[in-house]
Amino acid sequence: MAVERTFVIIKPEAVARRLVGEILARFERKGLSIKALSVTQIERQVAEEHYAHHRDKPFFPHLIEAITEGPVVLAILEGDDAITQVRNLVGATDPIKAAPGTIRGDFALRLPYNMVHAADAPSAAEAEIKRFFGN
Ligand code: CMP
């Protein structure tokens, strides 16, 4: 067990559905601390950099469109094993596979609209925090 920081994007579809409070409440209820919070709209160039590892996938254009189409909430969360804890709360990438009780299992129906992005490893969390919040 180690205290970790992780990075989360509450995506445009979640903001549009007024689910920001509900989603943040789940992270807080679990025992994680909100260390930074920001409302912004992600620019296309930043989105393409963030999702560069998906550049060759057929869904890439749709993914970029979806993440840039409206305001998002960016968050840094901290706590014991925060990266794994947050991914467990968020659920499987594909809403059809996400268990009920998870954020995606409870609020999302289909890709790419899965409500939340969460960093999947310490190195990704650090890089994403730097990309979206600076140093
Ligand atoms: P996220 O956790 O933000 O990381 C990559 C995103 O790509 C993912 O959530 C989904 O929004 C999207 N995605 C992944 N797989 C697919 C797919 N097969 N079709 C459409 N979108 C996808």
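Remember, it's 1-based here, ligands and their atoms both numbered in the order they're listed. If you're wondering where the values come from, they're calculated on a predicted model, not measured in any experiment.
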Table of N or O contacts for ligand 1, cutoff 3.5 Å:
unit_1, atom_1, unit_2, atom_2, d
ligand 1, 2 (O), R104, NH2, 3.2
ligand 1, 3 (O), K11, NZ, 2.8
ligand 1, 3 (O), Y51, OH, 2.5
ligand 1, 3 (O), H117, ND1, 3.2
ligand 1, 9 (O), K11, NZ, 3.2
ligand 1, 9 (O), N114, ND2, 2.9
ligand 1, 11 (O), K11, NZ, 3.0
ligand 1, 11 (O), P112, O, 2.8

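- Checked for salt-bridge contact, R44 and E65 meet the test: a charged N lies under 4.0 Å from a carboxylate O.
- Listed by first and then second residue, the side chain to side chain donor-acceptor pair (under 3.5 Å) pairs involving residues 76-100 amount to none (not counting sequence neighbours).
- Atom NZ of K30 has 12 or fewer neighbouring heavy atoms from other residues, nucleotides or ligands inside a 6.0 Å radius.
- Between F59 and H54, the ring-plane angle classifies as tilted under the 30° and 60° cut-offs.
- For K130, there are no salt bridge (charged side-chain N to carboxylate O under 4.0 Å, His left out) partners two or more places apart in sequence or in a different chain.
- Applying the side-chain hydrogen bond (donor to acceptor under 3.5 Å, both in side chains) test to R26 and every residue at least two apart in sequence or in another chain returns E22, D106.
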